[in-house]
Amino acid sequence: MSERLQGKVALVTGAGGPGIGRAIARRFAAEGAAVGVLDIRADEVAETVRQIEEAGGRALALVCDLRDPQAVRDSVRQLGERFGPIDVVVNNAAVMPSGTLHETSLEDWDAVFAVNVRGAYLVSREVIPSMLERGKGSIIHMASVTGMLGLPGIAAYSATKAALIGLTRAMSTDYARYGIRVNSVSPGTIDTPMLHDFLAKQRDPAQRRREFDEMHPIGRVGLPDEVANVFVFLASDESSFVTGANYTVDGGLSVKGEQPQD
Ligand SMILES: NC(=O)c1ccc[n+]([C@@H]2O[C@H](COP(=O)([O-])OP(=O)(O)OC[C@H]3O[C@@H](n4cnc5c(N)ncnc54)[C@H](O)[C@@H]3O)[C@@H](O)[C@H]2O)c1
């Protein structure tokens, strides 16, 4: 255990399941932060908290549906009461319906914005007043390369990730003078349940998986811990002059050009 986040209180949404959120929560705790583990799935929240405590860290289970403003308010209050004012927020929770725009139902469109964008808004607005009072804070939105590039078949999800990149820029400008830094992270494809669910719906999952690996110049998809590492930096005081940034963690995907084929 090192101490890059010693003394900090962090809230990580979507930190249930064995995806990126849990990896971030575990890394934060290992770096000395007290972590609020927020997710809609009670059993998975309990598992993340168990893993953190087993490793000697501090965590609080927050079972919460981010679509519910009162539940979000209660979770933020509980975390503050248990560990003190919140220094770091990671808006990581998301859902990912697939489909091109005309294939996306109105229900799916509203549902993906309700979690991915409105959820980030609800959490952020609850913590910002106390960050303003204390003159410090780090908010990190989980975006995606899909918010920067056109990737096929996930139109509504991609729009939410572009919204989070825009929100990062707006918020960082509004709050920079008050000590609150706001950044986003845009991963390429990462090996998590979200990827497995997506592959399971494809005609040839094994072939699609190979395509995902090959799509990244590094030659493979990423791992949750490789994303979590960047969050540790952005949460820590090491990134004290970094705000308004969108960090890609994508094995080179977003800067790759294509060679013409003959
Ligand atoms: N896996 C990838 O390839 C990839 C790539 C780029 C970006 N991302 C982003 O990284 C983040 C984590 O993705 P992941 O792959 O670990 O996915 P995941 O599905 O494992 O994690 C998402 C978490 O959000 C939670 N959640 C969903 N709706 C919620 C709600 N209403 N209230 C509270 N919690 C809710 C889920 O229970 C789940 O634990 C997401 O923002 C995703 O968009 C993932």
Practice prompt. Go through the steps for I20 and N92 under the test side-chain contact (heavy atoms from CB on, under 4.5 Å), then give the verdict.
Written response: CA-CA 8 Å; I20 304 170; N92 164 76; 4.3 Å; yes
Discussion item. Evaluate D191 against H196 for side chain to side chain donor-acceptor pair (under 3.5 Å), listing each step before the verdict.
Written reply: CA-CA 8 Å; D191 201 340; H196 301 163; 2.6 Å; yes
Worksheet item: Between S184 and M142, is a side-chain contact (heavy atoms from CB on, under 4.5 Å) present by the stated rule, with each step listed?
Response: CA-CA 6 Å; S184 60; M142 179 65 90; over 6 Å; no
Practice prompt. Begin from the C-alpha positions of L132 and I180 and carry the test side-chain contact (heavy atoms from CB on, under 4.5 Å) through to its verdict.
Written response: CA-CA 7 Å; L132 286 172; I180 306 174; 3.8 Å; yes
Worksheet item: Should R4 and R27 be marked as a side-chain contact (heavy atoms from CB on, under 4.5 Å) after you check the CA-CA gap, both sets of side-chain angles, and the distance that decides it?
Response: CA-CA 10 Å; R4 292 164 73 193; R27 274 304 308 281; 3.8 Å; yes
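With a 6.0 Å radius and a threshold of 12 heavy atoms from other residues, nucleotides or ligands, R67 has its CZ atom at or below the threshold. For F233, the CZ atom is densely surrounded, since the number of other residues' heavy atoms within 6.0 Å is greater than 12.
Looking at L60, D65, L66 one by one, the single match for side chain to side chain contact (heavy atoms under 4.5 Å, CB included) with L38 turns out to be L66. Results of the side chain to side chain contact (heavy atoms under 4.5 Å, CB included) test with M96 over D197, T160, I154 single out I154 as the only residue that passes.
Rounding to the nearest 0.5 Å gives a distance of 13.5 Å between CD1 of I40 and CG of L62. Taken to the nearest 0.5 Å, the CG atom of L11 stands 6.0 Å off from the CG atom of L79. Interatomic distance, CG of N246 versus NE2 of H141, reported as 11.0 Å (0.5 Å rounding). Remark: L164 CG to S144 OG distance equals 10.0 Å, nearest 0.5 Å. Note that the CZ atom of R26 and the CD atom of Q51 stand 4.5 Å from one another [nearest 0.5 Å]. Atoms OH and CD1, on Y247 and I140 in that order, are 10.5 Å from each other to the nearest 0.5 Å.
Side-chain contact check for K161 versus S186: every heavy-atom pair is 4.5 Å or farther apart. Side-chain contact between V37 and V12 is absent, with no heavy atoms from C-beta onward closer than 4.5 Å. The side-chain heavy atoms of I128 and M171, taken from C-beta on, include a pair separated by under 4.5 Å. A 4.5 Å side-chain heavy-atom check between E47 and D43 finds every atom pair outside the cut-off. Proximity of E238 to V232: side-chain heavy atoms (C-beta onward) are nowhere separated by under 4.5 Å. A heavy-atom distance below 4.5 Å is found between the side chains of R125 and P69.
Checked for salt-bridge contact, R210 and E214 miss the test: no charged N lies under 4.0 Å from a carboxylate O. A salt bridge between R77 and D74 is present, with a side-chain N of the basic residue lying under 4.0 Å from a carboxylate O of the acidic one. Note on E44 versus R22: salt bridge recorded, some NZ/NE/NH1/NH2 to OD/OE distance being below 4.0 Å. Under the 4.0 Å criterion applied to side-chain N and carboxylate O atoms, D237 and K8 are assigned as salt-bridge partners. Ion pairing of R209 with D213 is present here, as a side-chain N (NZ or NE/NH1/NH2) and a carboxylate O approach within less than 4.0 Å. Ion pairing of E226 with R220 is present here, as a side-chain N (NZ or NE/NH1/NH2) and a carboxylate O approach within less than 4.0 Å.
Of the N and O atoms on the side chains of S172 and R181, not one donor lies less than 3.5 Å from an acceptor on the other residue. Inspection of the T13 and N91 side chains reveals no N or O donor paired with an N or O acceptor under 3.5 Å. Between the side chains of S75 and Q78, no donor N or O sits under 3.5 Å from an acceptor N or O.
Both V95 and L101 are members of a single hydrophobic cluster when ILVMFWY side chains are connected at heavy-atom separations under 4.5 Å. In terms of hydrophobic clustering, with Ile, Leu, Val, Met, Phe, Trp and Tyr side chains grouped at heavy-atom distances under 4.5 Å, V249 and L253 are assigned to different clusters. Under the 4.5 Å side-chain heavy-atom criterion for ILVMFWY residues, a single connected hydrophobic cluster contains both V76 and F83. Note on V145 and V185: separate hydrophobic clusters, where clusters join Ile, Leu, Val, Met, Phe, Trp and Tyr whose side-chain heavy atoms are under 4.5 Å apart, directly or indirectly. Following chains of ILVMFWY side-chain contacts shorter than 4.5 Å, one cannot reach V115 starting from V72, and the two form parts of different hydrophobic clusters.
Without hydrogens or angle criteria, D87 side chain to G137 main chain gives no donor-acceptor distance under 3.5 Å. In this structure a side-chain-to-backbone donor-acceptor pair under 3.5 Å is present from K256 to M215. Not one N or O on the side chain of D68 forms a donor-acceptor pair closer than 3.5 Å with the backbone of C64. A side-chain donor-acceptor contact under 3.5 Å links N183 to the backbone of A245. Judged by distance alone, the side chain of Q202 and the main-chain N or O of F198 form a donor-acceptor pair under 3.5 Å. Between the side chain of T48 and the backbone N or O of A15 there is at least one donor-acceptor pair closer than 3.5 Å. D204 contributes a side-chain N or O that, together with a main-chain N or O of Q207, makes up a donor-acceptor pair within less than 3.5 Å. Judged by distance alone, with hydrogens and angles left aside, the side-chain atoms of D250 form no donor-acceptor pair with the main-chain N or O of T189 at under 3.5 Å. Between the S239 side chain and the V242 main chain, no donor and acceptor come within less than 3.5 Å of each other.
For the pair L234 and S138, the tightest heavy-atom approach, listed with the atom from each and the gap, is O-OG, 2.9 Å. Closest approach of G32 to R58, counting heavy atoms only: O-NH2, 4.2 Å. A94 and M194 make their closest contact through O-CE, 3.7 Å (heavy atoms, listed as atom of the first residue, atom of the second, distance). Between I86 and V127, the shortest heavy-atom distance links the atoms CD1-CG1, 3.8 Å. Heavy-atom minimum distance, P97 versus Y157: O-CB, 4.4 Å. Residue T243 comes nearest to V182 through the heavy atom pair OG1-N, 2.9 Å, listed as atom of the first residue, atom of the second, then distance.
Because its NZ or CZ atom is not both nearer than 6.0 Å to the ring centre of Y175 and within 45° of the ring axis, R177 does not count as a cation-pi partner of that residue.
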